[in-house]
Undergrad: 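Please see the structure below; I have some questions.
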There are 2 protein chains.
Amino acid sequence: MTVENLKKRLLSHDIRPSKPRVAILKYLIEHRTHPNVDSIYQALAPEISSLSKTTVYNTVDLFSERGVIQRLTIDDKTTNYDADTSVHPHFLCQVCGAIYDMPEVTDLSALPDAGPHELHDIQIYYRGICAKCKDSKKAYS
Amino acid sequence: MTVENLKKRLLSHDIRPSKPRVAILKYLIEHRTHPNVDSIYQALAPEISSLSKTTVYNTVDLFSERGVIQRLTIDDKTTNYDADTSVHPHFLCQVCGAIYDMPEVTDLSALPDAGPHELHDIQIYYRGICAKCKDSKKAYS
DNA sequence: GTGCTTGCAAATCGTTTGCAATAGC
DNA sequence: GCTATTGCAAACGATTTGCAAGCAC
């Protein structure tokens, strides 16, 4: 996605496309690893030398509130972010810590409805051992 | 549930039924409010004067690992615990912070399967505004 | 008495806050 | 110029860790 398109996307959510904001959105779109604030900061600090972690926090908070990205609380140590805002389960590997996307849930009617409550967000989390870690475990036994 | 039954339940998970452990399990079974460590500690400290928060942390960790209770990461500020280990969505009210149980999901085949990964745990989280908070908001408008 | 359990106190670390410097309209 | 944005440094707070004392079999 071009920088121009990234800017348009931010503007459509009433967000001023500052340099760090565009860079963070670009990073999230190009790296579907569900990074946390620290990963984003470490990755972008070399290219935006003045970047601070506070700005990354401010930005991902703003993006989540405006629906540009979604916030994942699958890992109790940290908060992760995903530029794909569709409803799809995430799988957390309890061995290596990686987070995988699962196929989108298109038929939301399969889930219990929220009853009298006003629903804003649905998150589905799976936890276990990913295929890669399962295999390397097997190699040792 | 009697203390005797609580003890049996712990023993069946290979957990020695010490006094704080029984008290914490009892509290979780009788209070379906999905408390966090601090709430459990505040509630039990008067009756077990020597209780420390470390013990509550140790205990809920042990219980979660052994499958006696489930750990909820729906609230990014804290970890909450639920003695009901069935797969049922939880609703977090973003206004008052309360966590509600939603009806159990009996047909898990409606969810995408975990593919090549080894699945240990499924969590479904809803966030929004609960009926109570929605109503009191209405009263002001 | 040996190993499990408890609990104090200190450390850790992700995140938030206060505030001053800066940039964009 | 005024407001939004950035970023440093300090504060915060939930959780973890190290370790010594206590308890159970």
Side-chain angles (χ1 to χ4, degrees), chain A residues 3 6-8 10-11 13-27 34-66 68-69 71-81 92 94 97 99, chain B residues 3 6-7 10-11 13-25 27 34-66 68-69 71-81 92 94 97 99:
Chain A
V3 171
L6 293 168
K7 287 187 182 180
K8 275 182 201 155
L10 290 178
L11 284 169
H13 289 272
D14 284 313
I15 295 172
R16 271 223 312 248
S18 70
K19 184 176 170 184
R21 287 174 177 170
V22 171
I24 291 169
L25 180 58
K26 184 168 192 285
Y27 183 80
H34 317 92
N36 62 10
V37 164
D38 194 62
S39 307
I40 298 170
Y41 173 75
Q42 299 298 340
L44 297 182
E47 97 189 40
I48 309 177
S49 57
S50 69
L51 187 67
S52 81
K53 230 178 240 189
T54 306
T55 297
V56 182
Y57 276 108
N58 287 340
T59 303
V60 292
D61 282 356
L62 181 67
F63 286 1
S64 310
E65 275 161 26
R66 300 285 172 85
V68 181
I69 63 177
R71 163 186 274 132
L72 309 181
T73 62
I74 194 171
D75 184 339
D76 57 347
K77 305 289 173 217
T78 187
T79 305
N80 299 276
Y81 296 90
L92 172 70
Q94 292 162 323
I99 297 174
Chain B
V3 170
L6 292 167
K7 287 186 182 178
L10 289 178
L11 284 169
H13 289 271
D14 284 313
I15 295 173
R16 271 221 315 246
S18 69
K19 184 177 170 185
R21 286 173 177 171
V22 171
I24 290 168
L25 180 58
Y27 183 80
H34 317 90
N36 61 12
V37 164
D38 194 62
S39 307
I40 298 171
Y41 173 76
Q42 298 298 339
L44 297 181
E47 97 189 39
I48 308 177
S49 57
S50 70
L51 187 67
S52 82
K53 229 178 242 189
T54 305
T55 298
V56 182
Y57 275 108
N58 286 340
T59 304
V60 293
D61 282 356
L62 181 66
F63 286 2
S64 310
E65 274 162 24
R66 299 287 172 85
V68 181
I69 64 178
R71 166 185 272 132
L72 309 181
T73 62
I74 192 171
D75 185 339
D76 56 347
K77 303 290 172 217
T78 187
T79 305
N80 299 275
Y81 296 91
L92 172 70
Q94 292 163 322
I99 297 174

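Any value given below was found using the heavy atoms of this structure, including those in side chains, with hydrogens, waters and symmetry copies removed.
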Undergrad: Taking the side chain as every heavy atom from C-beta outward, state whether P17(A) and L6(A) have any atom pair closer than 4.5 Å.
TA: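 No - every pair of side-chain heavy atoms lies 4.5 Å or more apart.
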
Undergrad: Do V37(B) and Y81(B) come within less than 4.5 Å of each other through their side chains, counting heavy atoms only?
TA: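 Contact flag for V37(B)/Y81(B) side chains = yes.
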
Undergrad: Under a 4.0 Å threshold between the charged nitrogen and the carboxylate oxygen, would R66(B) count as salt-bridged to D14(B)?
TA: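 Not counted as a salt bridge, because no side-chain N and carboxylate O are separated by less than 4.0 Å.
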
Undergrad: Which stems does DNA chain D form, counting runs of 3 or more consecutive Watson-Crick or G-U wobble pairs with both distances under 3.5 Å?
TA: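 C:1-25 with D:1-25 - these are the stems of 3 or more pairs that involve DNA chain D.
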
Undergrad: Between dT3(D) atom C1' and D14(A) atom CG, what is the distance in whole Å?
TA: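 Those two atoms, CG and C1', are 16 Å apart.
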
Undergrad: What integer distance in Å separates D61(A):CG from dT6(D):P?
TA: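 Rounding to the nearest Å, CG of D61(A) and P of dT6(D) are 13 Å apart.
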
Undergrad: Between Y57(B) and S52(B), is any pair of side-chain heavy atoms under 4.5 Å apart?
TA: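 Of all side-chain heavy-atom pairs linking S52(B) with Y57(B), none is under 4.5 Å.
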
Undergrad: For D75(A) and T78(A), does a side-chain donor sit closer than 3.5 Å to a side-chain acceptor?
TA: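 No - no donor-acceptor pair under 3.5 Å links their side chains.
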
Undergrad: Is T79(A) close to L72(A) at the side-chain level, that is, under 4.5 Å between some pair of heavy atoms?
TA: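 They are not in side-chain contact.
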
Undergrad: Does the side chain of R71(B) come within less than 4.5 Å of D61(B)'s, by heavy atoms?
TA: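 Yes, side chains in contact.
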
Undergrad: Are any protein N/O atoms closer than 3.5 Å to N/O atoms in nucleotides 5-15 of chain C? If there are, list each pair with its distance.
TA:
| unit_1 | atom_1 | unit_2 | atom_2 | d |
| --- | --- | --- | --- | --- |
| dT5(C) | OP1 | R21(B) | NH1 | 2.7 |
| dT5(C) | OP1 | R21(B) | NH2 | 3.4 |
| dT5(C) | O5' | R21(B) | NH2 | 3.3 |
| dT6(C) | OP1 | S18(B) | OG | 2.5 |
| dG7(C) | OP1 | S50(B) | O | 2.6 |
| dG7(C) | OP1 | S50(B) | OG | 2.6 |
| dG7(C) | OP2 | S52(B) | N | 3.4 |
| dG7(C) | OP2 | T55(B) | OG1 | 2.8 |
| dG7(C) | O5' | S50(B) | O | 3.2 |
| dC8(C) | N4 | T54(B) | OG1 | 3.2 |
| dT15(C) | OP1 | T79(A) | N | 2.9 |
| dT15(C) | OP1 | T79(A) | OG1 | 3.0 |
| dT15(C) | OP2 | Y57(A) | OH | 2.9 |
| dT15(C) | O5' | Y57(A) | OH | 3.3 |

Undergrad: Check the pair F63(A), R21(A) against side-chain contact (heavy atoms from CB on, under 4.5 Å), reporting the backbone distance first and the verdict last.
TA: CA-CA 9 Å; F63(A) 286 1; R21(A) 287 174 177 170; 4.1 Å; yes

